[in-house]
Amino acid sequence: MTDLTLTVMRLGFLAVLWLFVIVAVQVIRSDLFGTRVARRTATAQTGRQQPPAQRQQTARQAPPRRGAAAGPTQLVITQGSLAGTTVALQGQTISLGRAHDSTIVLDDDYASSRHARIFQDQSGQWYVEDLNSTNGTFLGNQRLTAPTPLQPGAPIRIGRTVIELRK
């Protein structure tokens, strides 16, 4: 074996060794400090902000929903790493899980990447649905097997996280 071949093999081995060390440090760092959750706003999602006149026009065009005044207006996380977080309910589907594109990103070891969703039907009733998660979604003490209607104040439990609909 020539000296050139031996030197190239040593440098290659050294590069692979350093790559392993860097990956190991990144894994340890993410375990110690957790994943970063970027705050999402309407501006960040679209990449640009609407002019004020267009925002007012969009707000006027939205038709009022039946039963919206009497129904829940917010989703509150009461227990878990995000305790105290409030999400305004505006008729959109809310996805829950560890995936970064979820509406509420759960930093919980017992949550799946796409764990559950909370949605509103045409009549204005809110439902919670488990998305075939490993550890299940619980409404009170009952494990969900199908989309289930939600009442304000009923606790939804995903791992160590507890969520409630509130008026």
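Throughout, residue positions are numbered sequentially from 1 according to the sequence presented.
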Determine whether V16 and V23 fall in the same hydrophobic cluster, where Ile, Leu, Val, Met, Phe, Trp and Tyr are linked whenever their side-chain heavy atoms lie under 4.5 Å apart. no
When every non-hydrogen atom of D130 is compared with those of G136, the smallest separation belongs to OD1-C, 3.7 Å
Basic-acidic side-chain contact under 4.0 Å: D101, R114: yes
Side-chain donor/acceptor of T7 to backbone N/O of D3, under 3.5 Å: yes
Least distance between heavy atoms, R143 atom then S133 atom: NH2-O, 4.0 Å
Using modelled atom types and a 3.5 Å cut-off, is there a donor and acceptor pairing between side-chain atoms of Q92 and backbone atoms of Q90? yes
Provide the closest heavy-atom pair for H115 versus A111 in the form atom of the first, atom of the second, distance. ND1-CA, 3.6 Å
For E164 against P155, the heavy-atom pair lying closest together: CG-CA, 4.1 Å
Do S123 and D121 pair up side chain to side chain, a donor and an acceptor below 3.5 Å, judged on atom types alone? yes
Between atom CG of D107 and atom CZ of R98, what is the distance when rounded to the nearest 0.5 Å? 7.0 Å
Report whether L139 and L75 are members of the same hydrophobic cluster (ILVMFWY, side-chain heavy atoms less than 4.5 Å apart, transitive linking). yes
Applying the 4.5 Å side-chain criterion to the ILVMFWY set and letting contacts propagate, would V87 and L89 be lumped into a single cluster? yes
Any side-chain to backbone donor/acceptor pair from T2 onto T5? Under 3.5 Å, distance only. yes
Flag side-chain contact, heavy atom, 4.5 Å: I118 against L96: yes
Transitive ILVMFWY side-chain link I158 to F119, under 4.5 Å: no
Quick one: does any side-chain atom of Q125 pair with a main-chain N or O of Q151 as donor and acceptor, under 3.5 Å? no
Does atom OH of Y110 have more than 12 heavy-atom neighbours, drawn from other residues, nucleotides or ligands, at distances under 6.0 Å? no
CZ (R166) and CD (Q74) are apart, to the nearest 0.5 Å, by 7.5 Å
Might you work through the side chain to side chain contact (heavy atoms under 4.5 Å, CB included) test for I77 and I104, ending with a clear yes or no? CA-CA 10 Å; I77 301 175; I104 299 176; 3.8 Å; yes
What do the steps show when you test W126 against L165 for side chain to side chain contact (heavy atoms under 4.5 Å, CB included), and what is the final call? CA-CA 9 Å; W126 287 94; L165 278 175; 3.8 Å; yes
Closest heavy-atom pair, P72 versus P152, reported as atoms and distance to 0.1 Å, is CG-CG, 4.0 Å
How many angstroms lie between CG in L150 and OH in Y127, if you round to the nearest 0.5 Å? 9.5 Å
Please check: side-chain N/O of T137 versus main-chain N/O of A116, any donor-acceptor pairing under 3.5 Å? no
Measure the spacing between OG1 of T145 and CD of Q142 and express it to the nearest 0.5 Å. 7.0 Å
Would you please test I163 and T78 for side chain to side chain contact (heavy atoms under 4.5 Å, CB included) and show each step? CA-CA 6 Å; I163 303 166; T78 57; over 6 Å; no
Any chance you could measure R157, atom CZ, to L144, atom CG, to the nearest 0.5 Å? 10.5 Å
Does the side chain of T161 pick up a donor-acceptor pair with the side chain of D108 at under 3.5 Å? yes
Nearest 0.5 Å, what's the OG-CG distance between S112 and L106? 10.0 Å
